[in-house]
Amino acid sequence: MIDLYFAATPNGLKAKLFLEEADIAYRVIPVSLSKGEQLKPEFLAISPNNKIPAIVDHEPLGGGAPISLFESGAIMLYLAEKTGRLIPTDTAGRAEVLQWLFWQMAGLGPMAGQIGHFNVHAPEKVPYAIDRYTRETSRLYGVLNQRLADRSFIAGEFSIADIACYPWIVPHEAHGQNLDAFPHLKRWFETMAARPATLRAYEGVENVYAPKHQKLSEEERRILFGQGAR
Ligand SMILES: N[C@@H](CCC(=O)N[C@@H](CS)C(=O)NCC(=O)O)C(=O)O
């Protein structure tokens, strides 16, 4: 059994989507980010970066003490290796998947996260930031679109590279992007959206960029966006 420390954000949904795709038994432990539950000592013991997702694997391969992990990429890689699912075993195939996984972790996620923040949550319009992050996110969408021009999935067979990217394309409107401008990406996105595991992972999940989430209280704003060093 896996404990999944979860909030319905793109990074949280990556881990949930993997667990659904790999058909692994898991229990969701909700973490309310706006209430600051990610800052509680018991959560920090699992995720010292105070961010979801995090997991605890109570049945690691070979036995032994439970293993806890944070960072969505590390979580997916750990579970893919444990189960032998959603990552190739040959050197070339594995390297291809890993480069796109790292591309998502280091590029698409952080940049799209910034434009989501400045478009939806920033208390004032900051034109320089909006222009900078819209352009960079558009560039990254373009890279993915080009990559998908002659293949069904991002890296060979369906893999953790696809699972990592999908939740970061779901909020494309909040990112200021129109998928009609990226036809190959749009085709892939629609294929991903229709997968049974995607439907299960997203069941009941609210769009974190929906208007009601823009109305954060001062206290919620301080918790989410006002953190400094602890
Ligand atoms: N690189 C991390 C990013 C995780 C992350 O940014 N999590 C956000 C939600 S998407 C979070 O927990 N924020 C709470 C906070 O910063 O206090 C990953 O991929 O797991």
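Counting starts at 1 for both ligands and their atoms, in listed order. Position 1 is the first residue of the sequence, and the numbers go up from there.
Phe6 meets the ring pair (Phe, Tyr, Trp, His ring centres under 6.0 Å) test with no other residue; sequence neighbours excluded. Looking at residues two or more places apart in sequence or on another chain, you find no side chain to side chain donor-acceptor pair (under 3.5 Å) involving Arg187. The side chain to side chain donor-acceptor pair (under 3.5 Å) test applied to Glu219 returns Arg222, not counting sequence neighbours.
For the side-chain contact (heavy atoms from CB on, under 4.5 Å) criterion with Ile115, the lone passing option out of Thr134, Val120, Asp131 is Thr134.
Closer than 4.0 angstrom to ligand 1 sit non-hydrogen atoms from Thr9, Asn11, Lys14, Leu33, Gln38, Asn50, Lys51, Ile52, Pro53, Glu71, Ser72, Met105, Gln227.
Using a cut-off of 4.0 Å between Lys/Arg side-chain N and Asp/Glu carboxylate O, Glu136 and Arg139 are scored as salt-bridged.
Using cut-offs of 30° and 60° on the angle between ring planes, the pair His117 and Phe225 is perpendicular.
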